[in-house]
There are 2 protein chains.
Amino acid sequence: MLFLGTIENKIDAKGRVSVPSDFRMATKNDDFQGVILYHSFTHKCIEGCTMERMEKLSDATDNLDLFSEENENLNSLIFSDARQLSFDVTGRIVIPADLLEFAGINGNALFVGRGKTFQIWNKDEFEKYQKETREKAFKNRPSLSFKKD
Amino acid sequence: MLFLGTIENKIDAKGRVSVPSDFRMATKNDDFQGVILYHSFTHKCIEGCTMERMEKLSDATDNLDLFSEENENLNSLIFSDARQLSFDVTGRIVIPADLLEFAGINGNALFVGRGKTFQIWNKDEFEKYQKETREKAFKNRPSLSFKKD
DNA sequence: CATCATAGTATGGTATTTTATGGTTGTCAA
DNA sequence: TTGACAACCATAAAATACCATACTATGATG
């Protein structure tokens, strides 16, 4: 199953936030009932995925030379930064404060589905980003706009 | 299985609408008993497909590369905008209000088959669109008829 | 041929469950 | 002892399951 859609949920005083029901469903066949969160490397947001995917990623890095620069980067940047957060009985997680700060999130968290992964944004930041992306997508794909001739 | 034909069904006060029986049959071999809806990027209508197709799309664009900007494209826009809606026992779905508004749909929904995907239109909008398309096709007719193969 | 029976479909209304959210208590460790 | 954190309890609103009815097409039967 995939992470689809965009849902905004409140973060309470203790940092608790409900993971959207559909997102939880996307992990229901996994061993680990929770999600993995880490800094995005390309945007001002938090990225997330399933434990299953993390394991796949780990398998992929196994193929690299142990001392290669790439492996060093992956290990230090991804695995050391990733946190596993399990759902409580009502489906909530507590997002670590440094991640919230990095993404500029305070009261509300915007969960954005991206298929195999998802992101958590400050709403204003996301809308800014999305606007840019839309423009880029249309520029790069003129074939989508009206095909005359 | 393909989405074929054009069927008009009523939307009730809660946004519920019967997905045409033939369309439901087109998903009967899938794991997920429902459809994925998202707003069209080219027309004033809702677009839909199966979860299976979404997963294929996800597999095609998923390269496990966390540093790539390449995923900032139309596909990611689709994933963040897509809603998974499962059929109830009588074969209905609830179309989210914002999608209905985007497509200008109020009381009735026109399901239009497009093979691997389908669209949901306001009937008037669709007829307008269809008229324009016919005129365009007629204008371009000479170039069409000279194209061999 | 007219009528009846049947099965699948569309549609409307109500009841139940799930979800998101807030608060309280208990526990362990610094 | 205090502060962090997990487990537990509560509730309103939203989503969904459930039930009932009407309609359609089709086929069987007298």
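Every chain is numbered from 1 and lettered A, B, ... according to where its sequence line falls, protein lines coming before strand lines.
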query = Does the pair K56(A) and E52(A) meet the rule for a salt bridge (charged side-chain N to carboxylate O under 4.0 Å, His left out), with working shown?
reply = CA-CA 6 Å; K56(A) 242 184 222 160; E52(A) 205 179 40; 5.8 Å; no
query = In terms of ring plane angle, is the pair F41(A) and Y38(A) parallel, tilted or perpendicular, where the classes change at 30° and 60°?
reply = parallel
query = When the nearest nucleotide of DNA chain C is assigned to I11(A) and to D22(B) on a heavy-atom basis, which residue is associated with the more 5' position?
reply = D22(B)
Would you kindly give the [atom1]-to-[atom2] distance between [X] and [N], to the nearest whole Å?
X: D98(B); N: dA14(D); atom1: CG; atom2: C1'; result: 16 Å
X: R24(A); N: dT18(C); atom1: CZ; atom2: C1'; result: 9 Å
X: D12(A); N: dA20(C); atom1: CG; atom2: P; result: 14 Å
X: F87(B); N: dT9(C); atom1: CZ; atom2: P; result: 12 Å
X: F23(A); N: dA20(C); atom1: CZ; atom2: P; result: 11 Å
X: D88(A); N: dG23(C); atom1: CG; atom2: C1'; result: 14 Å
X: I93(B); N: dA17(D); atom1: CD1; atom2: P; result: 14 Å
X: I7(A); N: dA15(D); atom1: CD1; atom2: P; result: 11 Å

task = Report yes if some heavy atom in the side chain of Q130(A) is under 4.5 Å from a heavy atom in the side chain of L77(B); otherwise report no.
result = yes
Between [options], which nucleotide has the shortest distance from any of its atoms to the side chain of [X]?
X: R16(B); options: dC18(D), dT11(C), dG22(C); value: dC18(D)
X: S18(B); options: dC8(D), dC18(D), dA10(C); value: dA10(C)
X: M25(A); options: dG22(C), dA6(D), dT19(C); value: dT19(C)
X: R92(A); options: dG12(C), dA6(D), dG22(C); value: dG22(C)

message = Taking atom types as they are modelled, would you say the side chain of K14(A) forms a donor-acceptor pair with the base of dT25(C) within the 3.5 Å cutoff?
response = no
inquiry  = On DNA chain D, compare the nucleotides closest to V94(A) and S86(B); which residue's is nearer the 5' end?
reply    = V94(A)
ask   = Checking side chain to side chain contact (heavy atoms under 4.5 Å, CB included) against C45(B), which of F118(B), W121(B), F102(B) comes through?
value = W121(B)
request  = First locate atom OG1 of T90(B), then atom CZ of R24(B), and finally report the distance between them rounded to the nearest 0.5 Å.
outcome  = 7.5 Å
ask   = Just checking N9(B): base, sugar-phosphate only, or nothing, at a heavy-atom cut-off of under 4.0 Å?
value = sugar-phosphate
